[in-house]
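Along the sequence shown, residues carry numbers from 1. Keep in mind that the numbers below use all heavy atoms, side chains included, and drop hydrogens, waters and symmetry copies.
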Amino acid sequence: MTNKMFQARLGAICYLIWGLLHLKAAQVVYVLGAGMVQGRLYQDAWNLLCFAVTAMALSLTLNWRNHVWGYWINLGVISVADLGFIFFVLVPGYIDLIPGILGPVFWILGWLLTSLAYPR
């Protein structure tokens with residue numbers, strides 16, 4: 001296995017872990033929903049679920065094979081998901097830094113590793 005393929009697979013594993021963390025987050029947000037805000041929280045849970053499943057599917061297919069499309073699609077999907085979380089949940093302090101920082105850490109690790117492996 002080449003060094004680039006090894007880096008691509010490590011990045012894919014980071015994105016997979018990101019997805020697994022966000023499956024749990026989707027479940028937590030779903031359980032949180034109650035009363036008047038229930039529908040909105042359920043929509044947020046649905047969005048987290050979709051981001052997580054998309055990231056994991058891409059990591060196990062395209063990122064695992066170091067495909068250019070996988071690089072860009074997963075980078076875009078996970079960046080959109082995590083930037084909103086960082087700006088609107090983590091920075092204002094609505095969740096503790098630990099475990100809140102885990103998702104962004106695996107996003108950045110996945111981004112760095114797949115960038116190192118990016119086919120040129």
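The two residues L90 and P104 have their closest heavy-atom pair at CD2-CG, 4.4 Å. Between K4 and A117, the closest heavy-atom pair is O-CB, 3.0 Å. The minimum heavy-atom distance linking G110 with T114 is given by the pair O-OG1, 2.7 Å. Closest heavy-atom contact between L113 and C14: CD1-SG, 4.0 Å.
Using a 3.5 Å distance cut-off with no hydrogens or angles, the side chains of Y118 and W72 do pair a donor with an acceptor.
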Inset, instruction - Could you please spell out the steps behind the side-chain contact (heavy atoms from CB on, under 4.5 Å) verdict for S115 and Y71? - result: CA-CA 8 Å; S115 292; Y71 173 84; 2.8 Å; yes
Inset, instruction - Take W46 and Y30, measure what side-chain contact (heavy atoms from CB on, under 4.5 Å) needs, and give me the verdict at the end. - result: CA-CA 8 Å; W46 175 258; Y30 183 82; over 6 Å; no
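The shortest distance between side-chain heavy atoms of Y15 and L60 does not fall below 4.5 Å.
Summarising the geometry, atom CG belonging to N63 is positioned 9.5 Å from atom CG belonging to L75; distances are rounded to the nearest 0.5 Å. R9 CZ to R65 CZ: the interatomic distance, rounded to the nearest 0.5 Å, is 10.0 Å. Taken to the nearest 0.5 Å, the NE2 atom of H22 stands 12.5 Å off from the OG1 atom of T54. Taking CG of L116 as the reference point, atom CZ of F6 lies at 12.0 Å (rounded to 0.5 Å). Between M56 atom CE and L23 atom CG the span is 4.0 Å, to the nearest 0.5 Å.
Using cut-offs of 30° and 60° for the angle between ring planes, the H67 and W69 rings count as perpendicular.
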